[in-house]
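As structure tokens, the structure follows; a few thoughts come after it.
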Amino acid sequence: MIQQGILNPGVLELLARIRHTNTIVIADWAFPYWPQIETVDISLTQGIPMIQDLLQLLQPNFKVGRILQAEEFLANNPKEVIDSYETTFASFPTATVERLPHLDFKKLVPGAIGLIRTGDPTAYGNVILESV
């Protein structure tokens with residue numbers, strides 16, 4: 001029985017399918033649904049869990065080459081939130097962070113292995129992780 005790290009079987013199964021250069025979307029509670037990709041919903045209530053909670057759990061076992069996020073994130077969040085995300089992103093030492101317009105971000109979603117929906121209410125806090 002798994003006793004540490006990610007315990008959710010749906011999330012574990014989704015992560016096990018990721019290979020080189022595959023992507024996965026980590027999204028907030030209001031992110032649109034795409035029927036063509038698998039979605040694992042781990043939201044409990046607004047704010048639980050947060051996107052950063054999941055990123056911290058992924059970090060030990062997921063080698064990320066790129067982190068993609070909407071550029072609107074910077075204009076719609078206070079400095080403390082932006083700094084907190086930057087600190088979390090820095091825990092992926094091989095990753096570069098790229099920000100692009102939200103509409104372009106959403107165009108990349110259907111190419112992902114899957115989407116994990118959290119309870120995060122952070123404006124434009126969604127990320128796409130690309131494996132190395």
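- No side-chain heavy atom of Ile67 sits less than 4.5 Å from a side-chain heavy atom of Ile128.
- Taken together through direct or relayed side-chain contacts under 4.5 Å among Ile, Leu, Val, Met, Phe, Trp and Tyr, Leu12 and Ile116 form part of one hydrophobic cluster.
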Before giving the answer on side-chain contact (heavy atoms from CB on, under 4.5 Å), spell out for Ile113 and Leu14 the whole-Å C-alpha distance, their side-chain angles and the decisive distance to 0.1 Å. CA-CA 7 Å; Ile113 293 291; Leu14 187 64; 3.9 Å; yes
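- Residues Leu74 and Leu100 fall into different hydrophobic clusters, defined by Ile, Leu, Val, Met, Phe, Trp and Tyr side chains chained together at heavy-atom separations under 4.5 Å.
- When every heavy atom of Ile6 is checked against every heavy atom of Ile2, the shortest pair comes out as O-CG2, 3.9 Å.
- Counting only heavy atoms from C-beta outward, the side chains of Asp28 and Pro121 never approach each other to under 4.5 Å.
- Across Phe89 and Leu55, no two heavy atoms sit closer than the pair CE2-CD1, 4.0 Å.
- A donor-acceptor pair under 3.5 Å is formed between the side chain of Arg117 and the backbone N or O of Trp29.
- Residues Ile24 and Gly114 approach most closely at CG1-O, 3.5 Å, considering heavy atoms.
- Ile48 and Val11 fall into different hydrophobic clusters, defined by Ile, Leu, Val, Met, Phe, Trp and Tyr side-chain heavy atoms under 4.5 Å apart, directly or through other members.
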- Yes or no on side-chain contact (heavy atoms from CB on, under 4.5 Å) for Val25 and Leu129, after CA distance, side-chain angles and deciding distance? CA-CA 6 Å; Val25 181; Leu129 304 178; over 6 Å; no
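- With respect to Arg66 and Glu130, a salt bridge is recorded, a charged nitrogen being found less than 4.0 Å from a carboxylate O.
- Interatomic distance, CG of Asn126 versus CG of Leu68, reported as 12.0 Å (0.5 Å rounding).
- The structure places CG of Leu57 at 12.0 Å from CD of Gln52, a figure rounded to the nearest 0.5 Å.
- Criterion: ILVMFWY side-chain heavy atoms under 4.5 Å apart, direct or through other members. Under it, Ile18 and Leu58 are part of a common hydrophobic cluster.
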- [ ] Kindly determine whether Met50 and Thr122 satisfy side-chain contact (heavy atoms from CB on, under 4.5 Å), including the steps that lead there.
- [x] CA-CA 8 Å; Met50 298 291 280; Thr122 304; 3.8 Å; yes
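- When atom types are taken as modelled, the side chain of His20 and the backbone of Val132 share a donor-acceptor pair closer than 3.5 angstrom.
- Contact between Pro49 and Ile42 at its shortest, heavy atoms only, is CD-O, 3.2 Å.
- In this structure the side chain of Phe105 never reaches within 4.5 angstrom of the side chain of Glu71, judged on heavy atoms.
- Note that the CD1 atom of Ile51 and the CG atom of Asp120 stand 4.0 Å from one another [nearest 0.5 Å].
- With hydrogens and angles disregarded, no donor-acceptor distance shorter than 3.5 Å links the side chain of Ser84 to the backbone of Glu80.
- The backbone N or O of Val64 lies less than 3.5 Å from a partner atom in the side chain of Thr94, making a donor-acceptor pair.
- Between the side chain of Asn76 and the backbone N or O of Glu72 there is at least one donor-acceptor pair closer than 3.5 Å.
- Looking at Asp41 and Ser43, their side chains do bring a donor and an acceptor atom within 3.5 Å of each other.
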Acceptor/donor pairs from residues 31-40 side chains to any protein atom, 3.5 angstrom cut, sequence neighbours excluded:
from, atom 1, to, atom 2, distance (Å)
Glu38, OE1, Arg17, NH1, 3.4
Glu38, OE1, Arg17, NH2, 2.6

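- Among residues at least two apart or in separate chains, there is no side-chain hydrogen bond (donor to acceptor under 3.5 Å, both in side chains) pair with a member in residues 53-64.
- A salt bridge links Glu86 with Arg99: the closest approach of a Lys/Arg side-chain nitrogen to an acidic carboxylate oxygen falls below 4.0 angstrom.
- Of the possible polar contacts, none joining the Asn77 side chain to the Ile82 backbone as a donor-acceptor pair under 3.5 Å is found.
- Hydrophobic clustering of Ile, Leu, Val, Met, Phe, Trp and Tyr side chains at less than 4.5 Å, counting indirect connections, keeps Leu15 apart from Leu115.
- No more than 12 heavy-atom neighbours from other residues, nucleotides or ligands sit within 6.0 angstrom of CD on Gln4.
- In this structure, Tyr124 and Ala70 approach most closely via the heavy-atom pair CD2-CB, 4.1 Å.
- Remark: side-chain polar atoms of Ser131 are paired, donor with acceptor, to backbone N or O of Arg19 under 3.5 angstrom.
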